[in-house]
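Below is one structure; the comments refer to it alone.
Each chain gets a letter, A, B and so on, in the order the sequences are listed, and its residues count up from 1. Note that the structure is predicted; figures quoted are calculated from it, not measured.
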Protein chains: 4
Amino acid sequence: MKADKTKVNRLLKTARGQLDGILKMVEEDRYCIDISNQLMATQAILHSANKEIIHAHLQHCVLDALQEGNADEKMEEIMAIIDKISK
Amino acid sequence: MKADKTKVNRLLKTARGQLDGILKMVEEDRYCIDISNQLMATQAILHSANKEIIHAHLQHCVLDALQEGNADEKMEEIMAIIDKISK
Amino acid sequence: MKADKTKVNRLLKTARGQLDGILKMVEEDRYCIDISNQLMATQAILHSANKEIIHAHLQHCVLDALQEGNADEKMEEIMAIIDKISK
Amino acid sequence: MKADKTKVNRLLKTARGQLDGILKMVEEDRYCIDISNQLMATQAILHSANKEIIHAHLQHCVLDALQEGNADEKMEEIMAIIDKISK
């Protein structure tokens, strides 16, 4: 992975902490809308981590593609990511 | 929460398990695109859990709104959820 | 439709005007990224129009549901909208 | 633009036709949910056109970046597109 490992780790661990909190909220039978909001906040953090990873990948992939001679394949990978991320 | 607690719990725990896997992938310096794909799979599970929760809420909220006499407030809450979920 | 017709019309006509502009950009063989950005701006306007319509619907649907005795059906419709809008 | 012009034109014109239809639906005071569904169908067509454009751009951008010596700038552009398209 080309992204800043410390930053990605921090985001992922925050998301995991929030997920533990949500499991507790479900256990305690908290209000649906509050749980839903927490879930969306967690998804937003994962989205940030994902963009961090993709951003770093893009900054390196052209160079990699050149060195490895597989630019087409790299662009197909990125397109597949765009397809999924924009659903 | 009005949703099926067993189902929501199962989805959230699957997501947490995947998140642990992703943290390990980061640790092992795995390929960016593979990590990104796993992250999006986890986001999709959280999205399923969220829709499960919102669905159950909608099925009950009209009735609740009647009993509590606050239909307007309930609809505002749902609109706020739609705003966030459709970003 | 329960939404402010003037506002919705204005948004839809702006989007249509932009769409005409995008067709011209394609004709003139403009830069991909510029066309893509214009397309996303147009999608954002349609999304605003859609939220305007859904918002007004929600503000009226509980009352309608009561009068028509079909709250369940209304909530199913809203859930279907949430499914599509959050894809 | 690097994308298949005929295909993109066809998608954009379909979207414009649908938009005209939606303006008529608003005029005729049709049911909110029906208008909302048509709007989302139109957004989906614009999204297809956008992906077509981005896909073609990606297939050419590495080559362009090499010839023009501005790979970094191209990747920044793509990242900006990903940011917007995944909102």
Handout entry: Distance, nearest 0.5 Å, that separates CG of C:Asn37 from NZ of D:Lys84
Key = 3.5 Å
Problem - Between D:Asp34, D:Thr42, D:Leu23, the one whose heavy-atom pairs under 4.5 Å with chain C are most numerous - result: D:Leu23
Practice task
With a 4.5 angstrom heavy-atom cut-off, could you sort out which part of D:Ala49 is near chain C: side chain, backbone, both or neither?
Solution key: both
Handout entry: Which portion of D:Leu19 sits near chain C, non-hydrogen atoms under 4.5 angstrom
Key = side chain
Exercise for the section: Would you indicate whether D:Lys5, at its atom NZ, is surrounded by more than 12 heavy atoms from other residues, nucleotides or ligands within a distance under 6.0 Å? Expected result: yes
Problem - Portion of D:Arg16 that has a non-hydrogen atom of chain C nearer than 4.5 angstrom - result: both
Problem - Proximal component of D:Val8, with respect to chain C [non-hydrogen, under 4.5 Å] - result: side chain
Practice task
Below 4.5 Å from any heavy atom of chain C, which atoms of D:Ile54 appear? Answer side chain, backbone, both or neither.
Solution key: side chain
Handout entry: Minimum heavy-atom distance D:Gln43-C:Asn50, with the two atoms named
Key = OE1-ND2, 4.1 Å
Problem - Atom pair CE (D:Met40) and CD1 (C:Ile53), whose distance is rounded to the nearest 0.5 Å - result: 9.5 Å
Completion exercise
dist D:Ile35:CD1 -> C:Lys2:NZ (nearest 0.5 Å) comes out at 11.0 Å
Completion exercise
When every non-hydrogen atom of D:Glu77 is compared with those of C:Ile33, the smallest separation belongs to OE1-CG1, 3.4 Å
Handout entry: Option passing side-chain contact (heavy atoms from CB on, under 4.5 Å) with C:Leu39 (candidates D:Leu11, D:Leu12, D:Ile85)
Key = D:Leu12
Handout entry: Contact check, side chains of C:Glu27 and D:Asn9, non-hydrogen atoms, under 4.5 Å
Key = yes
